[in-house]
Amino acid sequence: MVDTAGLRAEQIEKAQQIVSSDDLGFTEPQWIAGVDVGFEEQGTITRAAIAVLSYPALELVEYQIARIPTSLPYIPGLLSFRECPALVAAWQQLKHKPQLVFVDGQGIAHPRRLGVASHFGLLVNVPTIGVAKSRLCGSHPPLADVVGALEPLMDKSEQIGWVWNSKPRCKPLYISLGHRISQETALSWVKRCMRSYRLPEPTRSADAIASRRPAFIRWQAEHPS
DNA sequence: GCGACAG
DNA sequence: ATCTTGTCGC
């Protein structure tokens, strides 16, 4: 089975290494990436995808896919151990190394402050932001029913992220710093990468590729190579 | 003890 | 996450 106690202990140690202040290494990034995973063969194969977009144009300039045997089932709180191996493999295939990465999942908005965005950022030493579609832990005041409504995501008295209405009539986004970025800066970069959809472009592109959405299949057909 | 629980 | 058609609302 899985040594969950050991993995949780590992998270507590690695969380100590997370840098929660701005250490971006850039003024204006040239490339921003989105990473996400999908599955094949009843989940036995994990398919990781990384979409590198130019900034500020937000156009896809490169993407890489890595397929790895799934080593762990999905266990709330231990998602990074299931997804990081494939994500790191895809990262190593990149020709264009992005200066900032958006990860589909939580950053420090995690029981032990090491969500997949933080764990991945630490493994490849790159600034990361966690953009999740639902909540893992923490609480927040009711969100006003208007676009742009924002509330801090709290755990006890500590702010671990933000809950933000990115689009009308859509569930909010749970945004938290992953690594080498402050929570304020993380939120500002998510806002700067929005293009009228619920999810920011880097995340949307990565999801389209990882899950083989029609949008990506079409893009692929139009771009020979 | 009971419920909650990223993807 | 993944399996999937139509359908409701802007």
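Atom set for the values below is all heavy atoms of this structure, side chains included, hydrogens, waters and symmetry mates excluded. To find a chain, count down the sequence lines: A is the first, B the second, and so on, and within it residues start at 1. Values in this document were obtained by computation on a predicted structure and should not be read as measured data.
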Protein-nucleotide distance ([X], atom [atom1]; [N], atom [atom2]), rounded to Å:
{"X": "A:His110", "N": "B:dA4", "atom1": "NE2", "atom2": "C1'", "result": "14 Å"}
{"X": "A:Glu83", "N": "B:dA6", "atom1": "CD", "atom2": "C1'", "result": "8 Å"}
{"X": "A:Arg112", "N": "B:dA6", "atom1": "CZ", "atom2": "C1'", "result": "12 Å"}
{"X": "A:Phe39", "N": "B:dA6", "atom1": "CZ", "atom2": "C1'", "result": "12 Å"}
{"X": "A:Arg82", "N": "C:dT2", "atom1": "CZ", "atom2": "C1'", "result": "11 Å"}
{"X": "A:Arg135", "N": "B:dG3", "atom1": "CZ", "atom2": "P", "result": "16 Å"}
{"X": "A:Arg8", "N": "B:dC5", "atom1": "CZ", "atom2": "P", "result": "15 Å"}
{"X": "A:Gln106", "N": "B:dA6", "atom1": "CD", "atom2": "P", "result": "8 Å"}

Taking [X] first and then [Y], would you say they form a salt bridge - that is, a charged N and a carboxylate O separated by under 4.0 Å?
{"X": "A:Arg112", "Y": "A:Glu10", "value": "no"}
{"X": "A:Asp207", "Y": "A:Arg213", "value": "yes"}
{"X": "A:Arg67", "Y": "A:Glu40", "value": "yes"}

Mind checking [X] for me? I need base, sugar-phosphate or nothing, with any heavy atom below 4.0 Å counting as a touch.
{"X": "A:Gly43", "value": "nothing"}
{"X": "A:Leu173", "value": "nothing"}
{"X": "A:Gln42", "value": "nothing"}

Open item on the list: Would A:Arg204 pass as a cation-pi partner of A:Tyr197, given that its NZ or CZ must be under 6.0 Å from the six-membered ring centre and within 45 degrees of the axis?
Closed with: yes

Task: ring centroid sep under 5.5 Å plus plane angle under 30, A:Tyr74 with B:dG7 - done: yes

TODO: Taking only the side-chain heavy atoms of A:Arg213 (C-beta and beyond), determine which of B:dG7, C:dT2, B:dC5 contains the nearest atom.
DONE: C:dT2

- [ ] Measure from the side-chain heavy atoms of A:Ser211 and tell me the nearest of C:dT2, B:dG7, B:dA6.
- [x] C:dT2

Task: Toward the 5' end of DNA chain C, by each residue's nearest nucleotide, A:Arg169 or A:Asp104 - done: A:Asp104

Open item on the list: So, OP1 or OP2 of B:dC5: does either fall under 4.0 Å of a side-chain N or O from A:Ser134?
Closed with: no

TODO: Answer yes or no: does a side-chain N or O of A:Lys133 lie under 4.0 Å from OP1 or OP2 of B:dA6?
DONE: no

TODO: Flag the pair A:Trp189 / A:Tyr55 as yes when their ring centroid distance falls below 6.0 Å, and as no otherwise.
DONE: yes

